[in-house]
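These notes are about the structure you will find just below.
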Amino acid sequence: MDIKQQAAIIKEEFENKINEVKSLKELNDLKIGYLGKKGPIFEFSSMIKDAPDKKEFGIVMNDLKNSVNTKIEELKSKFEQEELDKKLQSEKIDLTFPSTKIKKGSIHPLNRTIEEIEDIFISMGYEVVDGPELETDEFCFERLNLPEGHPARDMQDSFYISEKDLLRTQTSAVQARTMLKYEGKKPIRMICVGKTYRREDDATHSHQFNQVEGLVIDKKENNVSLSDLKGTLEVFMKRMLGENTNLRFRPSYFPFTEPSYEVDVTCFKCKGKGCNLCKDTGWIELLGSGIVHPNVLKMNGYDPEEYSGFAFGTGIDRLAMFKYGITDMRYLYQNDIRFLKQFDRRDID
């Protein structure tokens, strides 16, 4: 029997078997059975060493392999297409069905409050300045007129990373950095919004909270005074909490301002009539403010004989609580979807 006859017999046997294949698995088994090292085609190819005409044998061998591979690939494509058709049929989408409601996120109430604060002060000509949350003792205390050993540090010495580095306890550090940046030669009108850290954790305090600090510095000839501070804070509070909000200034003490004032606002719950929230006073303490201390100006490059200004600061978390009627500050950090989904609409003025 010559090589062409042997190749024809193998090809005929293969075609008979492939006609009985019903799945990709059976087809793969058949492919291994015929083209594998134990299959008839491999055994046939090993006969080349005894063939009288190796060139003719090679042509016959290649024709046999190509024929087998072609039929296998054709049937494989057929099975794959059939499986794809079945999958598409089973997974088809009826476009007439009502769609699944997509849950939309909402802006966090803190971010909503921050954006509103920035918009208010930008409209008044203020610059929004940023600074590092990991601060040095120098900027967090010393340049704000709180030298080492000052008693006012006790309530703020909190999260130290090293002997002289700590998570900032107030955004006032950015005021010092801004003054140094301008080298005592340029007027300043800025706010800084950002996170601060202290050892506090209860319904109205958190170990992490947000502050907004404001600073205005100008030459004395331009008469930056307490009346400017009061007018600025009135605009700020009325736009944040409503036009019926009133302010009350009380003398206080801050190392970085002199004179210093605590600022109370009308209780948002009782509108100034008196309730358990404001302890029947009609007022809630919200801001700290004052005229920038001459020592702070001098330490940060400004001549207190030529320049003066005012500063103020408030906690954004508490401001958000007053604005939205939130009773516990910890709600702002618990990521409870039941709480946060209440803020998925625009504020109505």
Side-chain angles (χ1 to χ4, degrees), residues 1-115 133 195 208 320 324 326 330-348:
M1 187 182 299
D2 61 21
I3 56 173
K4 290 185 178 180
Q5 291 175 325
Q6 293 182 53
I9 291 172
I10 294 173
K11 182 178 180 181
E12 184 179 358
E13 289 177 349
F14 171 77
E15 289 177 348
N16 290 335
K17 290 184 178 181
I18 199 171
N19 289 333
E20 298 175 358
V21 170
K22 303 298 182 183
S23 67
L24 279 170
K25 183 180 182 306
E26 292 180 7
L27 181 63
N28 190 54
D29 292 341
L30 181 64
K31 180 179 180 180
I32 295 172
Y34 267 82
L35 297 176
K37 290 186 176 181
K38 296 181 180 180
I41 294 180
F42 182 81
E43 292 179 1
F44 179 61
S45 65
S46 65
M47 296 168 57
I48 191 171
K49 61 181 181 296
D50 300 322
D53 188 344
K54 290 182 172 56
K55 181 179 180 181
E56 181 186 10
F57 186 92
I59 293 173
V60 172
M61 186 67 218
N62 284 336
D63 288 344
L64 176 61
K65 280 186 175 180
N66 289 338
S67 176
V68 170
N69 275 320
T70 298
K71 290 185 178 297
I72 288 173
E73 290 302 317
E74 287 177 351
L75 190 56
K76 181 182 177 182
S77 296
K78 178 185 175 184
F79 285 145
E80 288 178 344
Q81 185 62 46
E82 288 176 353
E83 284 196 5
L84 179 60
D85 292 341
K86 288 179 181 178
K87 188 175 181 180
L88 292 174
Q89 184 65 25
S90 64
E91 296 180 358
K92 70 179 181 179
I93 300 173
D94 187 345
L95 297 178
T96 64
F97 277 10
S99 63
T100 303
K101 185 177 181 181
I102 299 174
K103 292 182 179 179
K104 295 191 296 182
S106 60
I107 300 176
H108 194 281
L110 282 178
N111 287 335
R112 295 167 71 89
T113 306
I114 289 171
E115 290 175 2
E133 293 181 25
K195 296 185 182 70
Q208 173 193 294
Y324 295 112
I326 299 168
R330 289 169 290 194
Y331 290 155
L332 295 169
Y333 297 100
Q334 291 175 345
N335 291 329
D336 188 333
I337 191 64
R338 295 170 300 177
F339 168 74
L340 295 176
K341 70 180 181 180
Q342 300 175 67
F343 302 92
D344 62 353
R345 58 178 178 76
R346 291 181 60 88
D347 287 327
I348 300 174

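- The OG atom of Ser90 sits 11.0 Å away from atom CG of Asp85, with the distance rounded to the nearest 0.5 Å.
- Counting only heavy atoms from C-beta outward, the side chains of Tyr324 and Gln342 never approach each other to under 4.5 Å.
- Rounding to the nearest 0.5 Å gives a distance of 5.5 Å between CD of Glu73 and NZ of Lys31.
- Leu24 is listed as a side-chain neighbour of Lys76, based on a closest heavy-atom distance under 4.5 Å.
- In the model, Asn16 has no side-chain atom that pairs as donor or acceptor with a side-chain atom of Glu20 under 3.5 Å.
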*Using the side chain to side chain donor-acceptor pair (under 3.5 Å) rule, take Asn19 and Glu15 through it: C-alpha gap first, then chi angles, then the decisive distance, then the call.*
CA-CA 6 Å; Asn19 289 333; Glu15 289 177 348; over 6 Å; no

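- Nearest heavy-atom pair, Pro109 versus Ala320, reported as atom, atom and distance to 0.1 Å: O-CB, 4.4 Å.
- With rounding to the nearest 0.5 angstrom, the CZ atom of Phe79 is 6.5 Å from the CD atom of Glu82.
- Between atom CD1 of residue Ile337 and atom OG of residue Ser106 there is a gap of 6.5 Å, rounded to the nearest 0.5 Å.
- Contact of the Gln208 side chain with the Tyr333 side chain is registered, since non-hydrogen atoms from C-beta on lie closer than 4.5 Å.
- Of the residues listed (Ile326, Leu340, Thr113), the one engaging Leu332 in a side-chain contact (heavy atoms from CB on, under 4.5 Å) is Ile326, and it is the only one.
- Side-chain atoms of Ile18 and Leu27, non-hydrogen and from C-beta on, do get closer than 4.5 Å to each other.
- Checked by atom type and distance alone, the side chain of Gln81 never pairs as donor or acceptor with a backbone atom of Lys78 at under 3.5 Å.
- In this structure, Lys17 NZ and Lys71 NZ are separated by 16.0 Å, a value rounded to the nearest 0.5 Å.
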